[in-house]
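Let me begin by presenting the structure, written as structure tokens, before commenting on it.
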Amino acid sequence: MDIRSITISLLISLAAAVTASAQTSYDDPMSQALMKAFDELLEEDPRDPETLVRRAGLYYAHQDYIKALDDINTAMKYYEPGDEEVRYPAYQLRAKIYQKQKKYDDALNDLNAVLKVSPQDYGTIYQRANVLYELGRYPEANSDYYMMLRLNPRSQDAMLGQAKVAVKQNNLGTANDLADRAVALTPNSSEIFIGRAAVRDLMGNRQGAVEDYISAISVDNESTARALSHLVAMSRTDYPTVMAGLSSAISKAPRNGMFYFIRAMIAQGHCNYLAAIADYDKIINENLDSYPGLNGALAECYYYLGRYDRALLNADYAISATDDNAFYYVLKSRIKRAMGDNEAALEAADKALEKTPESIDALEAKALAEVALSQPAGASIALSEAAMVNPENPYIQILRGWVLGDFRKQATNSQRAYDMVLDMDFDFDNVQSLRGFALLALGRKDQADKWMERVLDTADDYDGMVNYYAACYYSQAGMPERALRCMEASLEKGYANYHNWTKATEANVNCAPLRSNPEFTKLLDKYVHLFK
């Protein structure tokens with residue numbers, strides 16, 4: 001696989017995909033045309049079950065499960081009574097919907113209805129086996145996997161299913177043998193390595209799982225995105241094992257630039273910028289690949305480390321090396337603003353917007369450059385545009401509240417922006433919801449304190465980011481001792497964003513009030529190895 005097919009933004013999107021919300025957009029022309037056709041047919045005959053089921057299939061494809069289920073249930077009312085064969089597609093689809101919703105008992109009922117009509121339907125048997133597995137009914141699941149093997153003796157899905165059942169029954173040797181047999185059937189297929197990785201992970205063999213995900217990336221391009229997403233997710237709970245696996249792969253293939261690139265991306269995603277820089281430099285200096293994204297990634301790393309001159313050199317190179325350079329202009333804008341050249345920061349943001357007019361990053365960069373240039377009206381407009389593009393972005397609303405309140409003196413509009421943060425659909429303990437910062441800005445400190453405590457008690461702070469936000473929160477809340485404790489916890493976990501620690505001043509999501517405290521400087525000195 002070519003490095004050019006993977007970018008830093010892909011890593012971010014893959015990491016986000018672990019907890020992403022359902023994609024329900026129908027922006028593509030085909031989906032729009034189909035939806036229009038279904039709506040017209042149902043306007044003529046709202047009791048047509050076949051059209052309802054077909055529309056439910058479109059909803060299902062877009063992960064809009066509530067609407068899909070509503071259409072299926074409505075269709076069921078309009079089928080002729082007693083004709084189960086006609087209901088067959090509806091049962092199949094509804095079972096899939098229930099499975100996605102983790103309503104396994106309901107899914108099982110529908111799958112049994114399908115198998116009454118067609119007892120040897122291979123796909124339905126497989127689906128029922130997986131549902132039984134999720135219900136913890138392992139012997140019954142195993143029976144279905146055996147049935148699949150009778151229908152297809154080379155069924156890798158059945159072998160991997162049996163392997164998972166064997167793990168649950170503590171037959172680890174059997175599980176390992178079954179998974180290996182499945183791989184041996186098609187050793188050049190990425191999908192089978194992903195399947196065995198899931199079994200190995202279930203067994204607690206995380207090193208073996210990492211090896212399989214790396215193999216999936218190596219053998220073909222079909223499953224690279226999925227394998228990467230699994231590696232990113234695993235790195236959140238077992239970063240050392242993931243990095244060790246990638247290092248092992250590199251030792252076996254020292255000229256494979258892709259492995260260095262993946263290791264660098266994951267290191268960068270965990271704020272381990274020095275390690276990321278070493279790998280990006282290795283790729284460039286040893287001519288393992290040449291791609292503007294490498295310099296863009298280096299620009300980000302150096303920016304976060306506060307080494308703005310080196311960041312700017314790499315950003316400028318990335319800009320000059322390709323026309324697809326909008327994000328590199330955003331990077332340049334951030335770097336220039338950090339260097340105090342706000343006119344140049346605004347110019348770079350405007351160039352990014354010429355290329356991608358609805359870019360949230362570019363609109364944010366423009367707004368912050370205009371704030372720095374004492375042009376809050378322009379900043380307010382840019383942030384309003386960004387909010388229209390993505391109304392569920394809490395940081396944009398926090399910035400809006402800050403600009404409207406602190407600079408434009410529009411207290412009512414500022415409060416509305418903070419209230420919008422509180423109305424967003426985030427898990428309560430998601431630190432990036434910024435809920436506590438909005439509450440603090442609204443003068444509701446008691447509620448804000450409870451939010452921050454809840455986040456610290458429940459969130460998995462795998463790279464120190466949560467404690468960084470906590471340090472910012474307690475700095476802004478006038479609680480320096482608590483802020484310093486969170487700062488040390490963040491640094492202990494490796495949060496090496498020197499720019500955020502020492503330079504960030506946007507809105508009230510920063511630790512600026514802490515920087516005059518002598519203990520702040522002592523902590524940075526204590527953990528200087530993270531930055532230099």
Side-chain angles (χ1 to χ4, degrees), residues 12 15-16 19-22 24-25 334 358-368 370-371 376-461 465-479 482-483 486 490 497 500 504-513:
I12 296 167
T19 54
S21 59
T24 57
S25 172
R334 293 171 180 170
E358 293 190 341
S359 164
I360 297 289
D361 290 326
L363 288 164
E364 177 191 316
K366 179 180 176 69
L368 293 176
E370 289 186 312
V371 168
S380 183
I381 292 170
L383 291 171
S384 293
E385 291 177 11
M388 285 189 285
V389 173
N390 185 358
E392 292 296 310
N393 185 317
Y395 187 57
I396 292 299
Q397 294 296 347
I398 289 281
L399 287 175
R400 286 189 69 233
W402 173 59
V403 170
L404 290 167
D406 289 18
F407 297 95
R408 305 206 69 194
K409 307 305 178 187
Q410 297 179 7
T412 301
N413 289 335
S414 174
Q415 180 176 328
R416 285 177 185 154
Y418 292 126
D419 282 335
M420 290 181 73
V421 175
L422 303 183
D423 290 338
M424 292 181 186
D425 187 19
F426 283 84
D427 291 338
F428 189 84
D429 59 355
N430 184 341
V431 73
Q432 290 185 295
S433 72
L434 305 180
R435 184 178 181 86
F437 293 92
L439 287 166
L440 195 62
L442 291 167
R444 295 156 63 179
K445 186 176 182 300
D446 287 345
Q447 291 175 267
D449 287 347
K450 289 177 183 177
W451 172 82
M452 192 72 257
E453 290 295 336
R454 168 78 176 273
V455 170
L456 287 171
D457 286 343
T458 59
D460 178 14
D461 191 14
M465 184 189 71
V466 172
N467 271 282
Y468 166 73
Y469 277 108
C472 293
Y473 173 81
Y474 289 119
S475 296
Q476 299 292 335
M479 303 166 69
R482 188 68 195 274
C486 291
S490 176
N497 194 321
N500 277 358
T505 57
E506 298 84 16
N508 297 311
V509 187
N510 58 71
C511 60

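Computed from heavy atoms alone, side chains included, the values below leave out hydrogens, waters and symmetry copies.
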Whether over 12 other heavy atoms sit under 6.0 Å from D423 CG: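 For D423, atom CG is crowded (more than 12 foreign heavy atoms under 6.0 Å).
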
Enclosure of E358 CD (heavy-atom neighbours >12, cutoff 6.0 Å):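 Counting other residues, nucleotides and ligands, CD of E358 stays at 12 neighbours or fewer.
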
Salt-bridge criterion met for D449 and K445 (N-O under 4.0 Å):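 The answer is yes: the pair qualifies as a salt bridge.
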
Verdict with supporting geometry, N393 and I360, side chain to side chain contact (heavy atoms under 4.5 Å, CB included): CA-CA 9 Å; N393 185 317; I360 297 289; 3.9 Å; yes

Would you check if [X] and [Y] make a side-chain contact, meaning some heavy-atom pair closer than 4.5 Å?
| X | Y | result |
| --- | --- | --- |
| N510 | Q476 | yes |
| L368 | L399 | yes |
| I396 | N390 | no |
| E506 | I398 | no |
| M424 | Q397 | yes |
| S380 | N413 | no |
| D457 | R454 | no |
| L404 | T412 | no |

Side chain to side chain contact (heavy atoms under 4.5 Å, CB included) assessment of V431 paired with L456: CA-CA 9 Å; V431 73; L456 287 171; over 6 Å; no

If you look at every heavy atom in [X] and [Y], which pair is closest and at what distance?
| X | Y | result |
| --- | --- | --- |
| R444 | L422 | NH1-CD1, 3.5 Å |
| L383 | A367 | CG-CB, 3.6 Å |
| A504 | A512 | O-CB, 4.5 Å |
| V403 | A379 | CG1-CB, 4.3 Å |
| S475 | A471 | OG-O, 2.7 Å |
| A448 | G436 | CB-O, 3.4 Å |

Working for side chain to side chain contact (heavy atoms under 4.5 Å, CB included), residues N497 and Y468: CA-CA 9 Å; N497 194 321; Y468 166 73; over 6 Å; no

In Å, rounded to the nearest 0.5 Å, how long is the span from [atom1] of [X] to [atom2] of [Y]?
| X | Y | atom1 | atom2 | answer |
| --- | --- | --- | --- | --- |
| M465 | D460 | CE | CG | 10.0 Å |
| R435 | Y473 | CZ | OH | 12.0 Å |
| R416 | Q410 | CZ | CD | 10.0 Å |
| M452 | D429 | CE | CG | 10.5 Å |
| M420 | E392 | CE | CD | 8.0 Å |

Derivation of the side chain to side chain contact (heavy atoms under 4.5 Å, CB included) call for S433 and W451: CA-CA 11 Å; S433 72; W451 172 82; 3.8 Å; yes

Sole residue of L434, L439, L440 in side-chain contact (heavy atoms from CB on, under 4.5 Å) with F437: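 Of all the options given, the one that passes is L434.
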
Test side-chain contact (heavy atoms from CB on, under 4.5 Å) applied to Q432 and F426, Y469, Y395, the passing residue: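 Only one of F426, Y469, Y395 forms a side-chain contact (heavy atoms from CB on, under 4.5 Å) with Q432, namely Y469.
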
